[in-house]
Amino acid sequence: MTFLSCYKIDGTINLDSNSCFGNIETYPRFQEDLDKFKSHLKQLVNDKKSKTFYKFGDGDYHFLNKSEVGSARPGNRALSVSYNDINHQEFVDGVKLNDYYTCEIYPENRKMFRDVIPNQEIHYPAEYGYGLVANKWFFKEFKGKIGLIGASEKLHLIEELLKYNEYKEYLGLDDFNDYIHFPQKYACDDIDIVEEFVGKQLEESNSNIFLLGIGHSKSAILHRLKKYTDAIFMDVGAGIDNIAGCINIKRPYAGDWTNYRIKDYDYSDIDYLRYGGEGKEIILND
């Protein structure tokens, strides 16, 4: 498959082999809408608006359909109990209450979106979120205004990584404003308890924009986060794994990312998303 230059995001390499990237008709406005996306985000942050950007993927399709596949299978990542033991309707209803939606440009994923989130528009390609983490545009553009929301284990790791000057230089910032902790697994078991836990943290936060990766719980909880602080909530999914130094480089636009790892750090509690040591790696020593 030939990767067409029209799908390029500066400062990144895309090793995603989906055939859609070889077809100009897949998304002919890719570059035009990328500029629009960046301008839109800058305007929202400058205006201190509170908006949510929900990223849709095939796993969300399975979860919203109660399909016991991959991360949507009870006992795997999102749930420790069966679908019958939760209020699944909260997710089905909640996913429709976000402000903006992103989805990979894969035709199959966009069809899945229309099947489970009818009457909503896909505003932007999800690839923009991945790419603008990978080329560090978010960090440069919103330096001093940006926070993270993600699994506690990964946020602790990121905080440790940012004790190293080499990693600060790689990201182009000294620290994130806020680290909003979220359960790494089984957050969908009781979404109200999770909201209370996260909401208390957000009330004490001072970021204008959050990058987040919170799994399938986002379908029920993402739209609720605006109650606790006026900020942009940008779902970048596996982009959090970039920052934590554990991204699979075959993820969209992650091909040139360097995974920074800490020597002798205990990684045993990190829930990897198909990461197996691929790509460039730098080991940080004390």
Side-chain angles (χ1 to χ4, degrees), residues 3 7-18 21 55 57 59 70-71 76-77 104 126-143 146-185 209-215 234-286:
F3 181 84
Y7 298 118
K8 181 180 180 181
I9 295 178
D10 288 343
T12 71
I13 292 175
N14 188 12
L15 300 179
D16 187 337
S17 61
N18 193 293
F21 294 108
K55 184 191 74 65
S71 58
N76 190 354
R77 182 172 291 129
E104 289 92 350
E127 286 84 357
Y128 295 168
Y130 304 140
L132 297 180
V133 169
N135 70 5
K136 311 180 192 79
W137 179 86
F138 282 117
F139 314 142
K140 179 181 179 181
E141 187 63 41
F142 302 116
K143 191 173 184 177
I146 189 169
L148 301 177
I149 307 177
S152 295
E153 292 83 350
K154 290 178 183 174
L155 296 192
H156 286 311
L157 172 55
I158 292 167
E159 289 188 85
E160 289 299 313
L161 284 165
L162 282 167
K163 291 179 180 179
Y164 294 84
N165 288 331
E166 184 176 352
Y167 197 56
K168 292 178 182 180
E169 291 172 7
Y170 182 67
L171 292 190
L173 46 69
D174 289 333
D175 208 353
F176 292 96
N177 282 37
D178 297 291
Y179 296 88
I180 307 299
H181 289 249
F182 208 91
Q184 182 168 239
K185 285 190 172 184
I209 181 171
F210 287 96
L211 304 183
L212 61 98
I214 57 175
M234 181 73 220
D235 181 7
V236 296
I240 298 297
D241 288 41
N242 286 60
I243 307 169
C246 56
I247 190 69
N248 184 321
I249 61 168
K250 291 186 179 180
R251 291 274 181 164
Y253 295 89
D256 199 36
W257 185 263
T258 299
N259 283 311
Y260 278 75
R261 313 280 287 170
I262 302 173
K263 184 180 180 181
D264 298 328
Y265 189 88
D266 183 5
Y267 284 88
S268 62
D269 62 350
I270 302 294
D271 183 22
Y272 290 133
L273 300 175
R274 296 197 293 275
Y275 171 70
E278 305 86 354
K280 293 183 290 186
E281 181 179 272
I282 289 178
I283 305 298
L284 297 167
N285 294 292
D286 291 330

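Side chains are part of it too, since the values below use all heavy atoms of this structure and drop only hydrogens, waters and symmetry mates.
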Between the main-chain N or O of [Y] and the side-chain N or O of [X], is there a donor-acceptor pair closer than 3.5 Å?
{"X": "Q184", "Y": "D269", "value": "yes"}
{"X": "D16", "Y": "N18", "value": "yes"}
{"X": "Y267", "Y": "C246", "value": "no"}
{"X": "N76", "Y": "G70", "value": "yes"}

- [ ] Please test Y164 against Y167 for ring pair (Phe, Tyr, Trp, His ring centres under 6.0 Å), starting from the C-alpha separation and ending with a verdict.
- [x] CA-CA 5 Å; Y164 294 84; Y167 197 56; 8.7 Å; no
Calculate, to the nearest 0.5 Å, the distance between atoms [atom1] and [atom2] belonging to [X] and [Y] respectively.
{"X": "R251", "Y": "W257", "atom1": "CZ", "atom2": "CH2", "value": "15.0 Å"}
{"X": "I146", "Y": "L211", "atom1": "CD1", "atom2": "CG", "value": "4.0 Å"}
{"X": "Y272", "Y": "D241", "atom1": "OH", "atom2": "CG", "value": "9.5 Å"}
{"X": "I262", "Y": "I283", "atom1": "CD1", "atom2": "CD1", "value": "9.5 Å"}
{"X": "K154", "Y": "E159", "atom1": "NZ", "atom2": "CD", "value": "15.5 Å"}
{"X": "I282", "Y": "N285", "atom1": "CD1", "atom2": "CG", "value": "11.5 Å"}

TODO: Measure from NZ or CZ of K8 to the centre of the six-membered ring of F3 and say whether it is under 6.0 Å with the direction within 45° of the ring axis.
DONE: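 No; the conditions do not both hold, so K8 does not lie above the ring face of F3.
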Does the side chain of [Y] come within less than 4.5 Å of [X]'s, by heavy atoms?
{"X": "I9", "Y": "N14", "value": "no"}
{"X": "L284", "Y": "E166", "value": "yes"}
{"X": "L171", "Y": "L162", "value": "yes"}
{"X": "K55", "Y": "M234", "value": "no"}
{"X": "I180", "Y": "F182", "value": "no"}
{"X": "I243", "Y": "F139", "value": "yes"}

Do you know the tightest heavy-atom contact between [X] and [Y]?
{"X": "G59", "Y": "S71", "value": "CA-OG, 4.5 Å"}
{"X": "A244", "Y": "I158", "value": "CA-CG1, 3.7 Å"}
{"X": "L161", "Y": "G245", "value": "CD1-N, 4.4 Å"}
{"X": "F210", "Y": "L148", "value": "CD2-N, 3.9 Å"}
{"X": "A254", "Y": "N242", "value": "CB-ND2, 4.4 Å"}

Open item on the list: Which label fits H156 and H181: parallel for a plane angle under 30°, tilted from 30 to 60°, or perpendicular past 60°?
Closed with: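 Geometry flag for H181 against H156: tilted rings.
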Open item on the list: Once you measure the plane-to-plane angle for Y253 and F21, does it fall in the parallel (<30°), tilted (30-60°) or perpendicular (>60°) bin?
Closed with: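 Plane angle over 60°, so perpendicular.
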- [ ] Before accepting this row, confirm whether a basic side-chain N of the pair D256/K280 lies closer than 4.0 Å to the acidic partner's carboxylate O.
- [x]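 Counted as a salt bridge, because a side-chain N and a carboxylate O are separated by less than 4.0 Å.
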- [ ] Inspect the surroundings of NZ in K168 and state if more than 12 heavy atoms from other residues, nucleotides or ligands are less than 6.0 Å away.
- [x]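 Check passes, neighbour count above 12.
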Task: Partner of Y275 under side-chain contact (heavy atoms from CB on, under 4.5 Å), chosen from N259, I247, I249, I270 - done: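 Option passing the side-chain contact (heavy atoms from CB on, under 4.5 Å) with Y275: N259.
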